[in-house]
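A short worksheet on the structure shown next.
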Amino acid sequence: MHRHRHRHRDKGYKTGSGYQRIALIGNPNVGKSIIFGLLTGKYAAVSNYPGTTVEVFHGNITLDGKKFLLVDTPGVNSLIPMSEDERVTRDILLSEKPSLVLQVGDAKNLKRTLLLTIQLAEMGLPVILDLNMEDEARDRGIIIDTKKLKEVLGVEVVGTIAPERKGIKTLKAAISQQIPKVPQIKIHYGSVIEDYIERVASYLPETNISKRSLALMILSGDESLRGWLNANLEEATIQKLEDLRDECQKKVKRPVGLIVNEIRFKKAGEITNMVMKKSPQKGGSLSVYIGRASMHPFWGLLVLLLVLYGLYEFVGVFGAGILVDFLEETIFGKYLNPMFIKTIEAIIPVKFLQEMFVGQYGLITMALTYAIGIILPITTTFFIAFSILEDSGYLPRLAIMSNRVFNIMGLSGKAVLPMVLGLGCGTMAVMTTRILESRRDRIIATFLLALAVPCSAQLGVILGMLSALSAKALAIWLFSVLGVLLFVGYLASKIVPGEQSEFFLEIPPIRMPSISNVTVKTAGRAVWYLKEAVPLFMLGTFILFVLDKLKILGVIEKITSPVVVGVLGLPAKTTEAFLIGFFRRDYGAAGLFAMAQDGLLTPVQTVVSLVTITLFVPCLAHFLMMIKERGLRMSLTMLAIIIPVAVLAGGVLNWILRTFDINI
Amino acid sequence: MEEIGKPCRRAARSSTEESLFEDEVLETVWEIREKSEAVRLADVVEELGNEESIRRMQANGLIMIQDDKIYFTEEGECRARDITRRHLLAERLFADVLDLTDYEEDACRFEHVISPEVEEAICTFLGHPPLCPHGRPIPKGKCCELYAKKVQPLVQSLKDLEVGKQAKVLFITAPAMDRLASMGLVPGASIRLQQKKPSYVVEIDETTLAVGEDIAKGIYVKQA
């Protein structure tokens with residue numbers, strides 16, 4: 001099912017009987033994606049926080065003439081799924097019949113790695129264990145006797161340092177030459193649970209994984225298995241299984257899932273003690289201190305301010321200022337556009353067609369100029385800055401700092417990850433809401449993303465316009481948007497049913513971002529932007545052109561004028577910006593940018609229009625992703641709330657600014 | 001200051017019907033005395049009935065009745081404090097640790113059967129709590145006096161652990177405990193508390209985990 005859902009970003013691979021499937025499994029943030037990239041030559045997003053991969057990626061690899069299909073999966077802490085992305089991974093093992101599991105583990109966290117190995121062993125799946133990040137383990141004084149571990153587990157164990165490509169050759173050899181073996185770990189869960197495992201197993205059909213492991217999932221109360229049970233068993237049998245589960249639960253007093261987990265951990269601990277040596281560390285390294293400072297109640301705030309200042313300087317001043325000036329005004333304004341205008345006028349004699357390309361709403365003079373002259377430099381600088389933040393491991397620490405603020409909106413600090421990602425691109429961010437625990441959290445986060453989180457392109461344009469006005473303008477915009485975010489978030493937390501979920505998040509170590517990963521990631525995102533945004537810019541511009549030619553634009557402007565002119569106090573032409581904002585949020589902002597440049601907006605109008613368009617509808621791609629993740633009805637409901645809220649907020653701000661005669 | 005922890009002669013714990021009733025009376029008198037100066041016999045009779053048996057306790061040297069008001073004898077007061085203390089400790093144990101909501105009746109039975117050693121162990125285990133779940137003061141015992149001289153409680157919640165300290169996880173009653181468990185936060189794990197604000201951060205081996213206060217409250221540890 002997931003394959004067609006993700007066809008946009010996961011493509012270019014072959015399946016079929018000639019290809020043996022290898023599932024790449026591991027704890028979150030252990031480097032599965034980077035190993036995937038090294039083996040297949042395909043780039044899957046790599047970052048330094050848990051939950052980078054929320055969807056499945058496929059890639060082919062040929063070793064010694066044997067063909068494989070490698071499947072990169074979201075990280076899991078347990079194969080009894082606790083979240084949507086963990087479920088995706090378990091379901092692959094359950095139904096995709098991988099002939100081998102390549103388990104990637106964090107060498108410095110062997111116990112947690114083995115917790116998964118134990119579960120894979122119980123499932124009866126052949127495993128090759130890759131202990132990644134050996135360098136980080138060594139820095140912490142941790143040495144693992146891989147030879148001994150190999151003997152204990154009875155499977156191939158390979159140590160790697162992925163960014164240095166160390167051990168990758170050995171890993172490839174292991175995949176192509178070894179006969180896959182199931183890890184030899186046997187666990188006894190006590191007579192009561194063992195008895196029920198047997199009884200439950202007797203009702204289960206043959207599948208890709210062992211009946212014992214399925215029985216353990218059922219006894220642990222794994223609700224996510226329900227779909228599979230419904231598809232494979234009769235209702236009466238499922239009822240019987242549930243009765244057995246309840247019976248077992250009554251006999252052992254404490255939750256079965258916890259008992260099972262504890263026994264597994266104990267076993268993992270025993271094995272770890274056999275093969276791991278830890279020598280005392282010699283003091284903390286610099287990255288440890290930076291890591292601690294960035295979540296400290298006081299120093300953490302300073303770090304946050306520093307990060308924001310850096311973002312402002314790099315994206316706002318350098319990207320939106322210097323680069324845009326150069327590209328838009330110099331390259332497009334002085335060279336490209338005059339050249340295109342001349343060429344088009346020379347080769348196309350029809351005025352109508354000429355205007356379509358190089359007129360006021362021209363595909364070149366408007367769409368291309370906006371997309372490449374204004375937005376591209378801004379998004380690219382943002383993506384560079386954002387990739388550095390992602391790879392450094394700072395973002396989860398930001399979640400610690402902002403947990404309380406997010407509590408106001410009924411969310412936990414974990415929601416900072418999709419929200420900050422939303423500052424990059426809302427479409428990607430909606431997908432990342434999958435890392436949140438409850439449906440309620442995902443709904444609130446999706447809603448707030450659509451309402452009040454401007455994407456990098458839009459943000460860049462906005463920052464550019466506001467910093468051209470005054471610091472006061474920037475402050476008014478910021479407080480208005482944050483105010484609406486908090487207030488509406490607070491209301492949403494009261495309205496959306498369900499309990500607020502608890503905050504817990506794994507914090508990765510601070511790492512030095514690698515230039516190559518930042519480059520590759522930024523390039524990937526920039527290309528993605530060009531592919532997605534430019535056609536939409538073209539389409540939006542073309543529709544504006546048609547509306548203008550058919551004189552409908554004037555009609556629409558007249559209809560909306562009570563709101564745009566009356567409530568918001570803006571020129572009627574601003575309607576165009578809001579209209580194209582439907583296609584791309586940033587495009588709408590770029591329209592305002594052009595109007596302000598032409599002196600069509602007063603400072604007050606600039607601020608009001610920017611607050612309104614920030615809160616206004618998400619772009620088309622973002623909206624489609626909302627439909628995919630939250631459903632059509634929910635998305636339309638959100639839209640129905642967002643439009644009046646945006647207009648209301650803009651109207652109130654307009655009224656305040658004018659009534660109190662505030663100078664900007 | 002109230003004299004604390006002085007051992008007193010206890011009714012035989014064989015729980016005869018008479019001694020059970022005496023305990024009830026003493027407890028009731030203690031509770032009324034918490035709120036008002038004088039304890040009227042009529043109020044106690046209204047609560048428990050059986051005026052005759054109450055009057056008989058005067059003969060047993062547990063209470064004195066004057067002008068229809070009840071006063072403790074020294075022995076009576078001692079026993080009343082003990083029984084109240086055991087009752088309220090039981091309430092705390094059931095409410096906090098076992099996470100029960102409907103524990104009143106069990107607490108009433110529990111108070112009659114535990115020995116001083118068990119009582120002290122529970123008190124220490126709970127970290128010498130000053131109040132019961134309903135906010136009534138728990139009479140102090142000998143162990144609490146020692147605690148006042150800076151003896152660390154055996155068990156404390158992560159919330160009360162000092163920043164920078166190592167501890168061993170004993171049990172977890174926090175919400176989302178299954179997810180914490182899969183990240184290695186299980187009974188027996190050694191942890192270090194890195195910070196409490198703005199969120200709790202604990203280190204378990206090489207795993208760093210941030211948790212909110214609601215979760216921290218439900219993680220019980222023993223300082224290493």
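Chain A is the first sequence line, chain B the second, and so forth, proteins listed ahead of strands; every chain is numbered from 1. These figures come from a predicted structure and were not determined experimentally.
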Review point. Between Glu213(B), Glu203(B), Lys197(B), Lys196(B), which shows the greatest number of heavy-atom pairs under 4.5 Å with chain A?
Key: Lys197(B)
Check your understanding: Is it the case that Gln103(A) and Thr117(A) place a side-chain donor and acceptor less than 3.5 Å from each other?
Key -> yes
Study note, to complete from the structure: All heavy atoms of Met177(B) vs all of Ile172(B), minimum pair found to be CE-O, 3.0 Å
Review point. Do the charged groups of Arg109(B) and Asp106(B) touch, with an N to O distance under 4.0 Å?
Key: yes
Revision key, fill the gap. From the list Leu110(A), Leu258(A), Asn403(A), Asp106(A), the residue making the most non-hydrogen contacts under 4.5 Å with chain B is Leu258(A)
**Study point:** The single option from Glu119(B), Glu27(B), Glu120(B), Glu91(B) passing salt bridge (charged side-chain N to carboxylate O under 4.0 Å, His left out) against Arg86(B)
**Key:** Glu119(B)
Review point. Does the side-chain hydrogen bond (donor to acceptor under 3.5 Å, both in side chains) test come out yes or no for Asn29(A) and Glu506(A), once each step is laid out?
Key: CA-CA 9 Å; Asn29(A) 211 32; Glu506(A) 193 181 345; over 6 Å; no
Review point. Under the ring-ring contact (aromatic ring centres under 6.0 Å, His included) criterion, do Phe503(A) and Phe406(A) qualify, and how do the steps go?
Key: CA-CA 10 Å; Phe503(A) 172 55; Phe406(A) 276 89; 9.5 Å; no
Revision key, fill the gap. Among Met295(A), Met401(A), Lys414(A), Lys266(A), the residue with the most heavy-atom pairs under 4.5 Å to chain B is Met295(A)
Point to revise | chain B interface, residue from Glu86(A), His296(A), Glu502(A) that has the most non-hydrogen pairs under 4.5 Å | key: Glu502(A)
Review point. Where does Asp178(B) contact chain A at under 4.5 Å (heavy atoms): side chain, backbone, both or neither?
Key: both
Exercise for review: Identify which of Gly212(B), Ser199(B), Ser182(B) forms the greatest number of heavy-atom pairs closer than 4.5 Å to chain A.
Suggested key: Ser182(B)
Check your understanding: Among Lys108(A), Glu136(A), Arg112(A), Arg264(A), which residue forms the greatest number of heavy-atom pairs with chain B at distances under 4.5 Å?
Key -> Arg112(A)
